[in-house]
Amino acid sequence: MFEILRSMISKVSALYADVRYEIMRETKIAFNGRELFHIGSNSTDGFVVRVLREGGLSSVSFTRQEDAGSAVRTAEENASLIARHIKKPVEFAKTDVIKNTFLPVLAEDPRNVPVDEKLRLTKTYNDIPLKYDGIATTNIHYSDVVREKYFVSSEGAEIREDLVTAALGGLITSREGSLTQNVRVGLGGSGGFALLRNQEEEFEKRTATALDLLDAAPVSGGTFNVVLNQDLSGVFTHEAFGHFSEADLIEDSPTMRERMQTGAALGNEVLSITDDPTMPGQLGFYCCDDEGVKARPVRLMKHGILTGRLHSRRTAAAFGEAVTGHCVAEDYRYAPIVRMGNIFIEPGKNSLDELLSLLGNGLYILDSKGGQTSGENFTFGAQYGYIVKGGKKGLMVRDINISGNLYHTLKNITAAGNDLVLGKTGGCGKGQLNIRSCHGGPHILVRDVVIGGV
Amino acid sequence: MEQLLEMARKVCDRAEIFSADSRGDGVSFENACMKDIDSSMQSGVCLRIIKDDILGFAYTRNLTDRATLIQNAADSLRGGVDGAFDFPFTKELPDLDTYDPSMETLPNSAMVEECGRVCEILSHKTKGQINASAHRSTGRIRIINTSGTDLSLKSSAFYLGTDIVYPYTSASLHRTLVSKRFENAGGEYLDFLADTYEQSMQEVQPASEKLKVLFLPETLYVFLWRLQSAANGQSIYQKISPVAGRLGEEIFDSSISIYNDPLNDSLPGARTFDDEGTPCTRFPIIERGVLKNFYYDLYFARKLKASPTGHGFKGSISGKPVPSLNRLTMMPGDESFAGLIQSMDRGIVVAGALGGHSGNIPNGDFSIGVSPALYVERGQITGYAKDVMVAGNIYDILKRAAGLEDTLHPCFGGTLPAVLFDNINVTLKK
């Protein structure tokens, strides 16, 4: 394959070119309630070529090998067109030229597990909530995705890396009268099929939460002090802070670059944040990004001070900073963009009980229901929560959405727990879906959070 | 494809092949400067087979190995997915104007020049950061099945999106121009962005209370998402729709009428058939506040013993058709945008919604961060507010529509007017 790829970019008349080829094999199983809705295994493939010419960088994705010549010509023309109009020519920061193969270490390779066994396991978990009267339905999915990636650059890089992701989860929906509630469940990661086994207790626990929510009161809107659990502190870190650490999102915003300067005191001193794609076994693990740059951990914030950001080769040059290996594509349909790997708030010193005592009166909020950011503003949903009075957990509340301002919230995180947990399922939809985007953190105490009631 | 269908026919009772080819080019400007040009040439083939009323499914990007594709579909039969439905025989559909051949040869330099022109004009009208992007695409889909259907469609589309970004954030005012062919942005498009931005530049800090709230067309998807969930045949079948059994009831204000209108070929994306070959129609969901219909694909129509409604669409080549409303339109009202603003004593304009995808969608609940939230006092936009949340339930709020704009805007979610609501819970940080 490397020879075919080398041949594709050999005739490019440009400063730099690279091409990535991927074979993606997927097995998917889906239950809607008791009914099997989908099962199947498929394989697809495709290419992405990039050309950096005269300061213009352009990419073309294509699925037919016979289109390679046309794709390269289009990329060259586009790059030249950009070069004629761009004010600051694109440069690539220097990186080591890597020639290597990286294959994952797996506890049970899902490719070796028969589809019938995958179906049996999915059905076993799907049947757990459905045995309860208050459960209206489920939408439970199994998927394994194997990406076999080949990368060649005009600088001489030749990299094969395989990424294997297995996931099993979905929605458990409860209903009583006109009230419908749902709870997400998610298992899996990059470590192999074994991560999905023996997880009945997790499905039982989530089912119990879905049923309990039918008796919970809707939360009242207002401003509250809150303790967020690990999943939510991870979502906050990803949505509110992490995206601003992605250099491509602020590269062309003078006001954001002014605000996000390295050395700026943006957070409370209890707050330290790292992104590390090299953590073995975690969902966001990889060795090299889709520009052929070796991934490395980046300390983004240390005791409230901004200390780093995530880069592509382009943004590293634009900011005059070192490459970090965070330029990743969803698959063969896309050029890579700057993405988080495993981002997390570093653990502090408090137990959960101590954080609830420090909270006194407020809300203890658990588990994410999706989030979104728009610059300094963020919003994310929570699956459920509890009213806390005098440091004691009380009544359950539902329908919780949190909104806030990044800078205020970074200052208002006043304590971090000692119980770091990274997510088993992630995902980020920044233009492309990254199913291996992983986030986490310890419990955190946050002052003055806006909660939108229903 | 004919050869593939013949091969598939030998291993099953019924078969369907869906193929798609597309070409797209995108140009982006950030902070009024040239940024990127990216192109894409994608293809794909999807095969569904039915044997003994069991459904098999497979797809590929390159049809180089027909036998493997058929084997993958045959392998999936072992799972036992219900396939007790027939693929339709569809012919003699109305002609729609969905394709402009000039889009095949449109040079990317034309999109670069138009983005540059938009940035240049707006730079003279406002100090806000201007981002602009243009995208053109052409595509062809074809569906053939063993019932005798052979349908194909060529399409073209052009989008021009412009944002003026508020400082120290990525919250922005946004507007999209949508066409089947290349077009220049007009004065009204540019003036709306520049004028509204200039009026709202000052940060203000209003108090929490119940206010009038004007949703811009770009943010109405928050409501429509929940309505689509409720009227979806899958939700009806799974018994999680809050409006099951309420057909014919007035569930929204009588000023609200919502249709799925795939036959309207004035904009890109018009269709006479869905991705299963079922004919499409102009389809009322809500008519003068009354719930008129639920929508189905072949699978859920069969499950519910209903007729398919032409709403089986695939999200991608790798996905199965599922019930989808992809051409929603809301009937306009009789008030200008300026008139709606003037009718607000105090209120919020929702110019961007955060978190529309979270919260209890099946129940109709929403709780969104508003970014940007434009503040209106005595009939004028006077600034923007931070840390604003708007929350409610669509079966409550859509009974309280206080005015609809007289103009429809193509945007994410459909072709929609701005809609004013009365007495909405607005939460602002103390």
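Residue numbers begin at 1 in each chain, while the letters A, B, ... track the order of the sequences.
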### Message
Does the Lys NZ or Arg CZ of B:Lys320 fall within the cation-pi geometry relative to A:Phe37 - under 6.0 Å from the ring centre and within 45° of the axis?
### Response
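Cation-pi check for B:Lys320 and A:Phe37: passes.
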#### Entry: Stepwise side chain to side chain donor-acceptor pair (under 3.5 Å) check, A:Ser61 with B:Ser40
CA-CA 5 Å; A:Ser61 63; B:Ser40 170; 3.3 Å; yes
If we define contacts as heavy-atom pairs under 4.5 Å, which of [options] has the most with chain A?
options	answer
B:Asn360, B:Ile368, B:Leu77	B:Asn360
B:Met34, B:Met41, B:Arg78	B:Met41
B:Gly116, B:Gly79, B:Gly356	B:Gly79
B:Ile37, B:Leu55, B:Asn31	B:Ile37

At a 4.5 Å cut-off on heavy atoms, which part of [X] comes close to chain B: side chain, backbone, both, or neither?
X	value
A:Ile402	backbone
A:Ser59	both
A:Arg314	side chain
A:Arg50	neither
A:Val48	neither
A:Ile82	both

Check each atom of [X] against the heavy atoms of chain A and say whether the ones under 4.5 Å are side chain, backbone, both or neither.
X	result
B:Asp36	both
B:Asp65	neither
B:Phe300	side chain
B:Ala73	neither

Let me confirm one number: the [atom1]-[atom2] distance from [X] to [Y], rounded to the nearest 0.5 Å.
X	Y	atom1	atom2	value
A:Tyr332	B:Gln42	OH	CD	7.0 Å
B:Asp75	A:Ile39	CG	CD1	10.0 Å
B:Ser76	A:Asn42	OG	CG	8.0 Å

### Query
Between B:Lys35 and A:Asp252, does at least one N-O distance fall below 4.0 Å, as a salt bridge requires?
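Yes, charged N to carboxylate O under 4.0 Å.
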### Message
Can you give me the closest heavy-atom contact between A:Glu258 and B:Tyr168, atom names plus distance?
### Response
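So the minimum-distance heavy-atom pair works out to OE2-OH, 2.9 Å.
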### Query
Side chains of B:Ser43 and A:Thr63: donor-acceptor distance under 3.5 Å anywhere?
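Note: B:Ser43 and A:Thr63 side chains meet the donor-acceptor criterion.
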### Message
Regarding B:Asn72 and A:Ser41, do their side chains bring together a donor and an acceptor under 3.5 Å, going by distance alone?
### Response
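Per modelled atom types, B:Asn72 and A:Ser41 side chains form no pair under 3.5 Å.
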#### Entry: Contact leader toward chain B among A:Gly46, A:Ala335, A:Ser253, where contacts are heavy-atom pairs under 4.5 Å
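Between A:Gly46, A:Ala335, A:Ser253, the count favours A:Ser253.
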